[in-house]
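Small disclaimer: the values here were computed from a predicted structure and weren't measured.
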Amino acid sequence: GRLPERFDGPARRALTRLLQRRMAAGDTPPLELPPRAERRWFSPPCDEPFGPIRLNVVGREFQGRIQPGDEFDEACHHLREELLNLVNVETGEPAVLDVVRSDSFYTRRADDTLPDMWVVWNSERPVEAVYSRRVGLIVQRQTHWRTGDHPADGIFLASGPGIAEDVDLSPLDPV
């Protein structure tokens, strides 16, 4: 991120080739995560197109590590910045398109089970290896590939009291 703009493309391509050679040579240690209780955040089980992140918040999680309020907000900002800096080693492009907080879309309750943030992955190509200056190279080979994700212009069905018939939702932008 500190290179002059005219060098960014060539530097990114050179780094991508270097990391691809390291992966091909088997020079990538296995990914090992600390126990969940020791992590400041974790990924709850879900579908993968939008990766959920739930922070390990004091008073909400069994062994919370992040205080609600300013520390929570700072952790969300930090995670967002770090995730947006991840590069898909195969393509040299950003691995993450955006990171959004759940409370920007939903009214949260202290006892809800929603993730705190959602990672919007760049799904142009599979992401098996990412790199950033801060975390280095992370390789996680996929053993189970999904055949696809739901398209952005999929269908939405709702039924119940107070829900009008034939409502046009087309002006809404997909998340």
Side-chain angles (χ1 to χ4, degrees), residues 1-23 28-34 36 38-57 60-61 64-106 108 112-142 145-146 148-153 172-175:
R2 297 172 199 249
L3 289 172
E5 190 172 314
R6 64 189 167 138
F7 295 121
D8 184 47
R12 184 183 300 254
R13 285 189 296 276
L15 178 61
T16 299
R17 286 190 299 272
L18 172 71
L19 294 172
Q20 288 170 342
R21 283 195 302 271
R22 280 188 64 192
M23 287 174 48
T28 54
L31 179 63
E32 293 182 25
L33 295 173
R36 183 167 153 178
E38 295 176 18
R39 292 185 240 157
R40 296 185 67 212
W41 41 76
F42 57 93
S43 179
C46 82
D47 202 0
E48 294 301 320
F50 298 99
I53 299 173
R54 188 161 165 98
L55 276 63
N56 203 355
V57 177
R60 184 180 74 183
E61 309 299 334
R65 298 178 56 87
I66 296 176
Q67 292 293 332
D70 288 344
E71 188 176 351
F72 177 88
D73 291 337
E74 289 170 17
C76 287
H77 177 76
H78 169 76
L79 266 175
R80 183 175 193 280
E81 293 300 310
E82 293 299 330
L83 287 163
L84 289 174
N85 282 317
L86 293 176
V87 174
N88 183 341
V89 173
E90 181 180 346
T91 65
E93 297 297 318
V96 173
L97 298 176
D98 201 2
V99 181
V100 294
R101 286 179 54 162
S102 296
D103 59 11
S104 64
F105 296 98
Y106 303 107
R108 301 290 307 271
D112 72 28
T113 58
L114 285 174
D116 296 305
M117 303 173 74
W118 296 93
V119 178
V120 182
W121 293 100
N122 182 345
S123 59
E124 291 294 316
R125 301 276 303 156
V127 179
E128 287 190 322
V130 295
Y131 174 83
S132 80
R133 289 182 183 162
R134 177 153 169 81
V135 300
L137 177 64
I138 299 174
V139 178
Q140 183 68 42
R141 299 282 185 208
Q142 297 297 321
W145 286 103
R146 294 177 37 146
D149 295 330
H150 298 286
D153 60 349
L172 297 176
D173 290 326
V175 176

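In this structure, CG on Leu83 lies 12.0 Å from CG on Leu97, to the nearest 0.5 angstrom. Distance check, rounded to the nearest 0.5 Å: CD of Gln67 to CD of Glu74 gives 12.0 Å. Remark: Ile53 CD1 to Arg80 CZ distance equals 11.5 Å, nearest 0.5 Å. Here the CD-CG distance, from Glu93 to Asn88, works out to 8.5 Å after rounding to the nearest 0.5 Å. Note: Trp121 CH2 to Asp98 CG = 12.5 Å, rounded to the nearest 0.5 Å.
Closest heavy-atom contact between Ser102 and Trp118: OG-NE1, 3.1 Å. Nearest approach of Leu55 to Met117, heavy atoms of both residues: CD1-SD, 4.2 Å. Summarising the geometry of Asn85 relative to Ser132, their closest heavy-atom pair is O-CB, 3.7 Å, with the distance given to 0.1 Å.
Applying the side chain to side chain contact (heavy atoms under 4.5 Å, CB included) rule to Asp112 yields the partners Arg54, Arg108, Arg109, Leu114; only residues at least two apart in sequence or on another chain are considered. Residues meeting the salt bridge (Lys or Arg N to Asp or Glu O under 4.0 Å) test with Arg60, sequence neighbours left out: Asp116. In terms of the salt bridge (Lys or Arg N to Asp or Glu O under 4.0 Å) criterion, residue partners of Glu82 (sequence neighbours excluded) are, by chain and number, Arg134.
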Where do Val135 and Leu86 land on the side chain to side chain contact (heavy atoms under 4.5 Å, CB included) test, with the steps shown first?
CA-CA 9 Å; Val135 300; Leu86 293 176; 4.1 Å; yes
*asked:* For Thr91 and Asn122: C-alpha separation, side-chain torsions, deciding distance, then whether side chain to side chain contact (heavy atoms under 4.5 Å, CB included) applies.
replied: CA-CA 11 Å; Thr91 65; Asn122 182 345; 6.0 Å; no
- Could you check Arg101 against Asp73 for side chain to side chain contact (heavy atoms under 4.5 Å, CB included), going step by step and ending with a plain yes or no? CA-CA 10 Å; Arg101 286 179 54 162; Asp73 291 337; 3.0 Å; yes
(Q) Before you tell me yes or no, could you show the steps for Leu137 and Val89 under side chain to side chain contact (heavy atoms under 4.5 Å, CB included), namely the whole-Å CA-CA distance, both residues' side-chain angles and the distance that decides it to 0.1 Å? (A) CA-CA 9 Å; Leu137 177 64; Val89 173; 3.7 Å; yes
